[in-house]
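What follows is a single structure, written as structure tokens, with notes after it.
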Amino acid sequence: MPTLPKKKVGLISCSGEEFPEGTLARMATLRVLENLRRNETVTLCLPLFLAGNDKERAFARFYPTIAIDGCDKRCAARATEKYSATPTASIVIPEFLAAKNLKPPRSRRRLDTDGEIAADALAQEISARVDDILGKRQEADGRDTTAQESESIVASCSCGSGVPVIRLNITGKSVELVALPLLFQQWRAENKAVEELFDAVKIYNAIPAAQEDEYRAAILNAYADYTS
Ligand code: SF4
């Protein structure tokens, strides 16, 4: 049976250099990544997203994401939605500051006292969203009670995104099929029609038109093994 990777949340901060709120977005995101939820989060680079980086897009297609934007142009949220998938959660900093009655930093180069307070509050908000997404609960003594998912990955996509793959032998060649373990798991958990599985596989993998029959047979055989 394929082993799924540990689920993490991807944080996508806007790269705004023009506004102090852009700096605030990056600083708060960094606090979550490095301190508050370092084992539960990864960062996804917005410029790489826009440049068409497969690794960033593949991750965001399969794992939950939080977009953190410095203004209502929502560059991070819109880019994620356009190139990959709708973010699971979205934070727009002016709205967040207004809701919390906090002041924005005055400088875009470094955080002043108001900026530090806002960055701490924003980092806590991002962490709370991460916990919600992962279904995590902290007991009163602080112990993490989240059900432990496997850390191991049987095979990861060669693009380095961490998206699991299965390799099948098709027409005499070893072929890497992205996300097949996740699709198998979803199909079995939701008892979905097996006839639709191949269509889902084609969304994430380029299947040569001339070899569709061989690919379909190999994939459905592998699914039968998985569910037996
Ligand atoms: S969301 Fe606003 S601050 Fe962030 S990159 Fe876009 S325009 Fe700049």
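Counting starts at 1 for both ligands and their atoms, following the listed order.
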- prompt: Are Leu46 and Val92 connected, step by step, through hydrophobic side chains (Ile, Leu, Val, Met, Phe, Trp, Tyr) whose heavy atoms are closer than 4.5 Å?
  reply: no
Look only at the side chain of Thr41 and the backbone of Val9, and say whether a donor-acceptor pair between them is shorter than 3.5 Å. no
For atom 3 (S) of ligand 1, the closest protein heavy atom turns out to be Phe19 CD1, 3.5 Å
Hits for ring pair (Phe, Tyr, Trp, His ring centres under 6.0 Å) against Phe96, two or more places apart or cross-chain, chain-then-number order -> none
Under 3.5 Å donor-acceptor pairs involving side-chain atoms of residues 10-17, not counting sequence neighbours:
none

Near atom 6 (Fe) of ligand 1, meaning under 2.8 Å, the protein N/O/S atoms are Cys75 SG
For residues 62-90, the salt bridge (charged side-chain N to carboxylate O under 4.0 Å, His left out) pairs (sequence neighbours left out) are none
Worksheet item: Is a side-chain N or O of Arg26 found less than 3.5 angstrom from the main chain of Gly22, in a donor-acceptor match?
Response: yes
